[in-house]
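This report concerns only the one structure given below.
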Amino acid sequence: MRSKRLYYWVLHLKAQDGLAVIDQKGVVSYLSIGRWNTLVDLVKRDFRTAKMENYLLPGNEKVTNDSIESTKRVLEQMLDNPSEIDSLRRTINYEVIFGTELQRKVWTYLVDHIPVGTTSSYSEVAKALGVKSARVAGNACGANRIALIIPCHRVLTAQGTINGYRYGKDEKERLLQLEVKK
DNA sequence: CTTAAGTGTCTTT
DNA sequence: AAAGACACTTAAG
């Protein structure tokens with residue numbers, strides 16, 4: 001089987017940077033947020049440690065096309081305006097290439113049941129899915145590799161506080177403020 | 001407020 | 001195969 005070729009693109013914006021992995025048809029399979037100098041190391045580590053035999057480590061060759069450019073523009077809008085994440089998500093294609101069965105089950109739930117402007121808790125997610133414990137749900141959220149598009153930032157503790165976020169608690173708080181404020 | 005116990009899954013060794 | 005990490009919750013001081 002031939003491995004799928006992927007490209008990574010650093011998206012520079014005022015508030016923050018993002019790094020997206022996009023295939024030749026403009027399909028997104030990875031998005032991290034933060035500062036670019038840490039993001040490149042992060043994406044390499046994520047792909048190297050994951051079991052993804054059908055995918056190559058993403059490269060940053062200067063190959064592009066209209067589909068890729070169009071997807072990049074949508075992602076930049078998401079980074080600039082988090083309150084539009086859900087509507088923007090419907091305008092692009094993404095593919096979940098990471099994760100175990102359980103993790104994917106949790107991620108699908110987040111997309112389908114936690115819309116922008118709302119939050120949930122790890123225990124609620126666990127209960128809704130029949131997952132064994134809140135901690136299990138939390139672990140699955142933390143394994144998400146498509147930031148924003150899969151809204152793991154909308155899941156909080158049972159007390160409504162921010163326990164952790166892959167890209168920093170401050171960033172999670174900022175996202176939620178922008179989303180809820182609308 | 002802090003601590004401790006119980007918890008399931010995934011990663012690392 | 002075993003140990004350790006972890007984005008959890010609840011109860012008890």
Side-chain angles (χ1 to χ4, degrees), chain A residues 3-4 6 8 11 15-21 28-58 75 78-79 82-83 85-86 88-89 94-181:
Chain A
S3 290
K4 190 164 185 174
L6 300 168
Y8 72 80
L11 312 167
Q16 66 187 337
D17 296 326
L19 188 150
V21 172
V28 183
S29 56
Y30 178 98
L31 178 63
S32 284
I33 56 181
R35 296 256 68 117
W36 67 269
N37 56 351
T38 65
L39 291 176
V40 175
D41 289 339
L42 186 62
V43 68
K44 287 179 177 168
R45 179 152 50 86
D46 284 341
F47 273 81
R48 198 161 36 234
T49 56
K51 307 182 194 87
M52 298 198 304
E53 293 147 17
N54 300 334
Y55 295 88
L56 297 172
L57 255 178
L75 294 177
M78 270 192 195
L79 288 164
S83 69
I85 285 172
D86 288 11
L88 289 168
R89 175 176 50 221
Y94 66 92
E95 182 185 14
V96 178
I97 65 174
F98 288 88
T100 64
E101 190 179 343
L102 172 65
Q103 289 165 348
R104 289 170 181 233
K105 190 168 131 185
V106 171
W107 301 340
T108 301
Y109 179 85
L110 304 187
V111 170
D112 291 342
H113 293 93
I114 313 183
V116 63
T118 71
T119 61
S120 187
S121 69
Y122 300 106
S123 48
E124 275 185 65
V125 172
K127 190 177 176 187
L129 290 174
V131 167
K132 307 283 184 181
S133 75
R135 183 151 204 172
V136 171
N139 286 342
C141 291
N144 175 34
R145 291 295 180 266
I146 316 182
L148 307 185
I149 292 178
I150 294 174
C152 56
H153 59 283
R154 296 176 193 151
V155 191
L156 311 174
T157 69
Q159 292 75 36
T161 57
I162 293 173
N163 193 323
Y165 190 51
R166 187 169 154 78
Y167 314 102
K169 291 183 198 177
D170 292 349
E171 179 60 16
K172 186 165 176 174
E173 185 168 16
R174 174 182 157 273
L175 282 170
L176 289 173
Q177 279 181 3
L178 291 169
E179 289 193 347
V180 173
K181 191 174 65 181

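Residue numbers begin at 1 in each chain, while the letters A, B, ... track the order of the sequences. The figures that follow rest on heavy atoms only: side chains count, while hydrogens, waters and symmetry mates do not.
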Of all the choices, [options], which nucleotide is nearest to the side chain of [X] once you look at every atom?
X: A/Asn139; options: C/dT9, B/dT9, B/dT7; result: B/dT9
X: A/Arg135; options: B/dC10, C/dT9, C/dC6; result: C/dC6
X: A/Ala134; options: C/dT9, C/dC6, B/dT9; result: C/dT9
X: A/Lys172; options: B/dG8, C/dT9, C/dA7; result: C/dA7

**OP:** Select from A/Gln159 and A/Tyr167 the residue whose nearest nucleotide in DNA chain C is closer to the 5' end of that strand.
**Re:**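 Mapping each residue to its closest nucleotide by heavy atoms, the 5'-most match is A/Tyr167.
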
So [X], base contact, sugar-phosphate only, or nothing? Heavy-atom distance under 4.0 Å.
X: A/Ile162; result: nothing
X: A/Thr100; result: sugar-phosphate
X: A/Lys127; result: nothing

Send over the distance from [X] [atom1] to [N] [atom2], rounded to a whole Å.
X: A/Lys51; N: B/dT12; atom1: NZ; atom2: C1'; answer: 11 Å
X: A/Asp170; N: C/dA7; atom1: CG; atom2: P; answer: 16 Å
X: A/Glu101; N: B/dG8; atom1: CD; atom2: P; answer: 18 Å
X: A/Glu124; N: C/dC8; atom1: CD; atom2: C1'; answer: 14 Å
X: A/Asn144; N: B/dC10; atom1: CG; atom2: P; answer: 15 Å
X: A/Glu173; N: C/dA7; atom1: CD; atom2: P; answer: 18 Å
X: A/Lys169; N: C/dC8; atom1: NZ; atom2: P; answer: 10 Å

Subject >> Donor-acceptor pair, side chain of A/Arg145 and main chain of A/Ala143, under 3.5 angstrom >> reply: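 Looks like yes, one N/O pair under 3.5 Å.
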
**OP:** Please work out whether the ring planes of A/Phe98 and A/Tyr30 are parallel, tilted or perpendicular, with thresholds of 30° and 60°.
**Re:** tilted

Original post:
A/Tyr165 vs A/Tyr167 aromatic rings, parallel, tilted or perpendicular, using cut-offs 30° and 60°?
Top reply: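 Aromatic pair A/Tyr165/A/Tyr167 classed perpendicular.
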
Original post:
Could a donor-acceptor pair under 3.5 angstrom be found where the side chain of A/Tyr122 meets the base of C/dA7?
Top reply: yes

**OP:** Determine, step by step, whether A/Leu19 and A/Leu42 satisfy the side chain to side chain contact (heavy atoms under 4.5 Å, CB included) criterion, reporting the C-alpha distance in whole Å, the side-chain angles of both residues, the deciding distance to 0.1 Å, and the verdict.
**Re:** CA-CA 9 Å; A/Leu19 188 150; A/Leu42 186 62; over 6 Å; no

Subject >> Criterion side chain to side chain contact (heavy atoms under 4.5 Å, CB included) against A/Pro151, the qualifying member of A/Arg89, A/His113, A/Glu179 >> reply: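 When A/Arg89, A/His113, A/Glu179 are each tested with A/Pro151, the side chain to side chain contact (heavy atoms under 4.5 Å, CB included) holds only for A/Arg89.
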
Subject >> Pair assignment for B/dT7, Watson-Crick or G-U wobble, requiring both distances under 3.5 Å >> reply: none

